[in-house]
Structures are given as structure tokens and as C-alpha cells.
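Notes for the one structure printed next.
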Amino acid sequence: MSYHFDFLAPFDYPAVLVKGVLVTIELIAIGGVLGVAVGIFGAWARTQGPRWLRPLVSAYVELIRNTPFLIQLFFIFFGLPGIGVQIGEMQAALLAMVINLGAYSCEIIRAGIAAVARGQIEAGLSLAMTRMQIFRHVILPPALQKIWPALSSQVVIVMLGSAVCSQIAVEELAYAANFIQGRNFRSFESYLLSTAIYLLLAIGLRQLLRLAGDRLFGRPAAKEAA
Amino acid sequence: MISFSVWDIVRNLLLALRWTVLLSLASFALGGLLGLIVLFMRTSKQAWLRRLTKMYIELFQGTPLLMQLFLAFFGLALFGLEVPAWLAAALALTCWSSAFLAEIWRGCVDAIPRGQWEASSCLAMSYLQQMRHVILPQALRIAIPPTVGFSVQIVKGTAVTSIIGFVELSKAGTMITNATFQPFTVYALVALMYFALCWPLSKYSQSLERKFNAANRH
């Protein structure tokens, strides 16, 4: 084998690389928050919402969970302009991520809601709370606490999935890797480096979400152990 | 200009669907086999084996499948191997699914009460005997629903292989779009076909879960 590795080669275009990392972080920061918000709304709609809304939300969840993210992205970016809806690549990527994460987190949060004891809801009713107050103050916090680890994993999965957004020319990390290897022909090194960065981002995001969970709900693991 | 009817589009997509199915089956079978090996190492008594497989799983679960594909595609080529897209696709998907399956199955093995391990070790069974005769037969019951559920992830994962140029359903969709200028119809049909593959698997997994849960309810 005559190939000489040059692990510094991926740093030939530092600005592109830094921008890639920042755009990936931007995608998951906005997509993550909005996606979970959609998930909470969907879980509310499926458990407490008006009857007519429930089958619609179920259809949305089933459709999104059983089709690839890449196709959802292509449908939004290439398909919608076909019927006259123009949309920029960044907006398309964010929309696809929100729709995708929304469907998964809806299912996850719904499982948490199902696990909230009925007595809690009855207690809320006996305090003359409205349905909305009960959902916000009695049902949602313990539901989120229970499913926080699963929700965190799903957010990490969506962050990793955002790599395919490079295919519609969103200038995120995978795009940066493609760009760099297209310039210096060091494909292996630049993909290896970007993979390592993704791994660090995934580990960092997981830690961040764990800290956020601790802050929001106290330390559930420590409480249970005590 | 040649005009395409919807039927032309559907027919060509269905032809490409074969490759999605074939790649999914191969990745599931090979990934399952490799996953089983990883599982054995992950639950072994040797601490270094457990650490090694933990890293393996972290690595494949913590990086995008797309990057794994690129590395398989370009990495092997560095060693002078001619890597066709289908080989890189199968290789990356196998490793990726093995990491996830091993972790799913480890959860199932962990769910078996410790007493079962202790009892079988009292009978002087070796680790492999314990796994084969005591632990795995019980873990299998719990493992089936999530394993079927994960097969949906594999089918969806194959879509990403279109990016390295493997002509399966997604790639065919892109190619047909370029020829027909009907992205809305084509991608809707592509999504529908993935749905037709995945939805029955999801439903089956859910019904299995209900069935096994009912048996466990006291």
C-alpha cells in the first residue's frame, strides 16, 4: 500500500469546517426545541385533544416514523416546489427535522403520559384545575421526567441524521467534509475527522441533555436509589 | 422529450425496490449475526471484552450512518480494494445494525433475573452453556418485538446508501425525478413504498409486544 495518510489535510479549510460544526449545532438547537414542542402538542392532541384531531395526529406519526428522513427531506425540498411552494435549503432542513423529531417525540411523550397515575389526574380535578392546567402542571412534568432518557436519545439520533442535509446543500458538518475532500482529495481523512467531530457532538449533546434533565426534574436516578 | 406516465414511474420504482429489500434483508441477517457475537462479548466475564464492545457500540451509535458509509466507501479503497457501492453499503449497514441489535439484546439479557445466572453457574455450566441453555431462550421472548421494530430502522437506513450511489429506491427516485421533472409525485410515491415496507413491520412489532406483555401480566 502506497497511500500516505495526512491527518492534517482536513484542516486545510478551517473556516468551512467551523461553519459546518456551527450549522450542525444550529440545526439541532432549533430543530430539537421545535421538534419536542411539536411532540408535546401531538401527545396532548392524541391523549386529551378533540376527537377529530386524534386520527390525524396518529396518521402523521405513523407516516413519518415509517419513511426515511432522507425522503422526507427530498419531498420538502424538491417536491414542494413542484406544486409551487418554494423553500430555502436551511428552512427545508429545519422543517424536515422538526416534522421528524415531532413524530418520534410524540410517541415517546405519549408513553410517558400513559404512565402517569390516574389518581394524580383525579387529584387535580378535585382541586378544580382545568383540563389544560392539569395537563401542564400534573401530567406533563412527571411524563417528561420518565421519558427524558428516551427523548434525549431521539434528539441525538436526529442530530446524527442531519448529516444527510448536506444532500440539499445545507452547509453543515457532512457538507464541510464533502467540500474539503473535493478540494484536496483526502476523502478518508476528512470523513474520519468529521465522524470524530460528530461523535464528540453526540457525547456533548447527551451530557447537555442529562444536565438539563437534572435541572428540570431533579435527579431521578439518585432519588430512586435513595 | 419522452413523457412518463405515473405507471412508468411506479414500475421503475418497484424495480428499484427489490434492491432496498435485498439490502435490508442482507443487513438484517449479517447485522444480526455480528450483533450476536458483539452481544456475547458485551456480556462476557472478561472486563476488557466488555469495554471493547462498549466502545464499538458507542462508536456506531454516536456517529451518522452517512459518515460510516463514506468511510467504508473511501476507507477500503485506500487499501487498494475496489469497493462497489453495494459492498460499502452492506458493510456499513451490517456494522451499524450489529451495534444497535447488540445493545437491544443486551437489554433483554439484562432483564433475565440474576438468579438464573447464579443457578446455572451452580450447575457448573460454562459461560457459553449458560447463554445457550438458560439465558438466551428466555431473553429471546422479550427480544423479538424490539428486534422486529428495529428492522424498520434498517429499511429506512438503506435510503442513505443512495448517497454513495447504490441504486435502490431513493436513488431511483432521484434519477426518475431528473428525467421526469415531477419531484412531488415521484417522492410521494417513494415515501409510499417505504411506508408499505415499514408499516406492516411496525404494526407486527406492536402486536408482538402486546402479546408478550399479556403473557407476563400477573
Side-chain angles (χ1 to χ4, degrees), chain A residues 1-5 24 61-85 153 156-157 159-167 172-174 177-178 181 185-203 205-206, chain B residues 20 58-81 100 149 152-153 155-163 168-171 173-174 177-178 180-203:
Chain A
M1 190 188 124
S2 57
Y3 188 83
H4 295 286
F5 289 101
T24 292
V61 169
E62 292 292 322
L63 193 66
I64 296 301
R65 291 193 346 138
N66 288 298
T67 51
F69 176 68
L70 183 68
I71 296 303
Q72 294 158 14
L73 186 69
F74 280 179
F75 184 77
I76 290 170
F77 188 66
F78 298 119
L80 290 187
I83 54 164
V85 185
S153 309
V156 172
I157 288 174
M159 190 270 281
L160 297 175
S162 76
V164 303
C165 294
S166 56
Q167 294 308 302
E172 39 73 86
L173 185 50
N178 277 326
Q181 69 97 22
F185 303 109
R186 292 284 176 177
S187 44
F188 184 69
E189 289 93 330
S190 57
Y191 289 131
L192 198 65
L193 177 80
S194 48
T195 306
I197 298 177
Y198 270 115
L199 187 61
L200 290 179
L201 283 176
I203 293 170
L205 182 58
R206 211 176 297 151
Chain B
T20 292
E58 280 278 309
L59 204 64
F60 282 98
Q61 292 194 345
T63 59
L65 178 60
L66 179 64
M67 290 293 129
Q68 295 163 22
L69 268 170
F70 280 150
L71 283 174
F73 196 48
F74 296 104
L76 287 180
L78 281 187
F79 297 99
L81 292 170
F100 277 88
V152 173
Q153 307 298 325
V155 175
K156 291 190 299 175
T158 61
V160 178
T161 65
S162 65
I163 297 174
E168 36 64 80
L169 185 51
S170 298
K171 184 75 185 168
T174 306
T177 300
N178 291 340
T180 60
F181 304 111
Q182 295 179 333
F184 188 84
T185 318
V186 174
Y187 286 122
L189 286 169
V190 169
L192 215 62
M193 286 185 190
Y194 276 111
F195 186 78
L197 281 182
C198 294
W199 197 58
L201 286 172
S202 296
K203 283 282 141 197

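Evaluated for a side chain to side chain contact (heavy atoms under 4.5 Å, CB included) with B/Thr63, the options A/Thr195, A/Leu201, A/Ile197 yield exactly one hit, A/Thr195. Across A/Ile71, A/Ile64, A/Leu63, a single residue satisfies side chain to side chain contact (heavy atoms under 4.5 Å, CB included) together with B/Phe195, and that is A/Leu63.
If you measure heavy-atom distances from B/Ala188 to chain A, the contacts under 4.5 Å come from both the backbone and the side chain. Both the backbone and the side chain of A/Val164 have a heavy atom closer than 4.5 Å to some heavy atom of chain B. For B/Ser162, the part lying near chain A is the side chain, with the backbone staying farther off; criterion is any non-hydrogen pair under 4.5 Å.
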Does the pair A/Phe5 and B/Leu78 meet the rule for a side-chain contact (heavy atoms from CB on, under 4.5 Å), with working shown? CA-CA 10 Å; A/Phe5 289 101; B/Leu78 281 187; 3.5 Å; yes
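Residues A/Ser166 and B/Ile163 have side chains not in contact (no heavy-atom distance under 4.5 Å, counting atoms from C-beta outward). Side chains of A/Leu192 and B/Leu71 form a contact here, defined as non-hydrogen atoms less than 4.5 Å apart. Residues A/Phe78 and B/Thr174 are not in side-chain contact: their nearest non-hydrogen atoms beyond the backbone lie 4.5 Å or more apart.
Two rings, from A/Phe188 and B/Phe70, have their centers 6.0 Å or more apart.
The CG atom of A/Leu160 sits 9.0 Å away from the CD atom of B/Gln68 when rounded to the nearest 0.5 Å.
By number of non-hydrogen pairs under 4.5 angstrom with chain B, the leading residue of A/Gly161, A/Ser187, A/Gly82, A/Ala202 is A/Ser187. Per-residue heavy-atom pair counts under 4.5 Å with chain B were compared for A/Leu80, A/Leu205, A/Ile83, and the maximum is reached by A/Ile83.
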